[in-house]
Amino acid sequence: VTAVRDANGFNLQRMLRRDDPDDEPTTWTVALPRIALVDAAIRFEDRSRAPAAALPLDAIRLVATGYDSAADSEVALDVNGRLAGGALSLAAKLTLPEPSLRGQVELEGFDLLTLTPYLTERVRLDLRSGRLDLAGDIESKLPDRALAFDGRVAVRELLTRDKAVGRDLVKWRRVAADGVRLQSDFDGRGRLRVATVTADAPYVDLVIGPDGRTNVADVLATA
């Protein structure tokens, strides 16, 4: 491969461009009937938090089929891996060139302790344990920055403590929400509907003070 940069940019970039500004027949097309990524790992760190939040994704196996730059493509994606200790699987169709994604996702055993740096700056709560499970249909239109999820979500083995007194505050064996429908954008605005919620062995330590204020309200106050 010979890479050359001139006043018009890189030659490789021009070859892969679909529309040549000079209308010369030099545009290349790329067809990838099948591409696989096996045993890969990604580690994302958010250092805007103290301590930093780390989100590891490892043991990744990704298989994509059906890409062709010469025409609008519908690429089939099959992804498996481990996200923060949980088993992740995704089977979806990625439509190009304006990317949109539709498929099914399943996550089992995501370690909620990964999210601790985001909790400590907002609440006076000590998260000791918790696992997240979810499964359902997802749809994302990236140009519109929109996301939709339709399925079920459960949190199990949850244990939280009140930092002020060092006592268990909220805990349960499992709480599950079925018939979850979420429509949201990437800015956090959206709508959420839940059909049913079931709780197995829930516990809440609720204390009402002389002024009528509860310990839960104190914990949820901005730290």
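Note that the numbering runs from 1 along the sequence shown for the chain. Reckoned from all heavy atoms, side chains included, excluding hydrogens, waters and symmetry mates.
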Calculate, to the nearest 0.5 Å, the distance between atoms [atom1] and [atom2] belonging to [X] and [Y] respectively.
| X | Y | atom1 | atom2 | value |
| --- | --- | --- | --- | --- |
| Leu88 | Ile60 | CG | CD1 | 9.0 Å |
| Leu192 | Arg181 | CG | CZ | 12.0 Å |
| Leu107 | Leu90 | CG | CG | 11.0 Å |
| Asp46 | Leu55 | CG | CG | 10.0 Å |
| Arg128 | Lys171 | CZ | NZ | 12.0 Å |
| Leu169 | Thr160 | CG | OG1 | 4.5 Å |

Short side-chain to backbone donor-acceptor contact, [X] and [Y], under 3.5 Å:
| X | Y | value |
| --- | --- | --- |
| Trp172 | Val155 | yes |
| Thr114 | Ala53 | no |
| Asp162 | Gly166 | no |
| Ser69 | Thr29 | no |

**Complete:** side-chain contact (heavy atoms from CB on, under 4.5 Å) test vs Val79 passes for just one of Val63, Val105, Leu37, Leu62, namely Leu62
**Asked** Around Arg156, counting heavy atoms of other residues, nucleotides and ligands shown, do more than 12 lie under 6.0 Å from its CZ?
**Response** yes
**NZ (Lys141) with more than 12 external heavy atoms under 6.0 Å** = no
Can I get a per-line list of side-chain donor-acceptor pairs under 3.5 Å for residues 201-216, giving both atom names and the distance, sequence neighbours left out?
| residue | atom | partner | partner atom | Å |
| --- | --- | --- | --- | --- |
| Asp205 | OD2 | Arg167 | NE | 2.8 |
| Asp205 | OD2 | Arg167 | NH2 | 3.1 |
| Asp211 | OD1 | Arg213 | N | 3.0 |
| Arg213 | NE | Asp218 | OD1 | 2.2 |
| Arg213 | NH2 | Asp218 | OD1 | 3.3 |
| Thr214 | OG1 | Ala217 | N | 3.1 |
| Asn215 | OD1 | Val207 | N | 2.9 |
| Asn215 | ND2 | Asp205 | O | 2.8 |

**Request:** Keeping to residues at least two apart or across chains, list the salt bridge (Lys or Arg N to Asp or Glu O under 4.0 Å) pairs with something in residues 92-111.
**Result:** Arg102-Glu139
According to a 4.5 Å side-chain heavy-atom criterion applied to Ile, Leu, Val, Met, Phe, Trp and Tyr, with indirect links allowed, do [X] and [Y] form part of one hydrophobic cluster?
| X | Y | value |
| --- | --- | --- |
| Leu125 | Leu159 | no |
| Val38 | Ile35 | no |
| Leu119 | Val165 | no |

Flag the pair [X] / [Y] as yes when at least one side-chain heavy-atom distance between them is below 4.5 Å, and no otherwise.
| X | Y | answer |
| --- | --- | --- |
| Val75 | Leu77 | yes |
| Leu32 | Val30 | yes |
| Leu94 | Tyr67 | no |
| Leu115 | Phe110 | yes |

**Message:** Under the criterion side chain to side chain contact (heavy atoms under 4.5 Å, CB included), I'd like the reasoning laid out for Asp78 against Arg61: C-alpha separation, chi angles, the key distance, then a yes or no.
**Reply:** CA-CA 8 Å; Asp78 185 6; Arg61 180 182 182 274; 4.3 Å; yes
**Request:** Show your reasoning for whether salt bridge (Lys or Arg N to Asp or Glu O under 4.0 Å) applies to Asp200 and Arg173.
**Result:** CA-CA 5 Å; Asp200 183 6; Arg173 185 174 296 119; 3.0 Å; yes
**Item:** Worked verdict on Arg131 versus Asp133 for salt bridge (Lys or Arg N to Asp or Glu O under 4.0 Å)
**Value:** CA-CA 7 Å; Arg131 295 281 177 175; Asp133 304 330; over 6 Å; no
**Fill in**
Shortest non-hydrogen pair, Thr95 vs Glu74, comes out as OG1-OE2, 4.1 Å
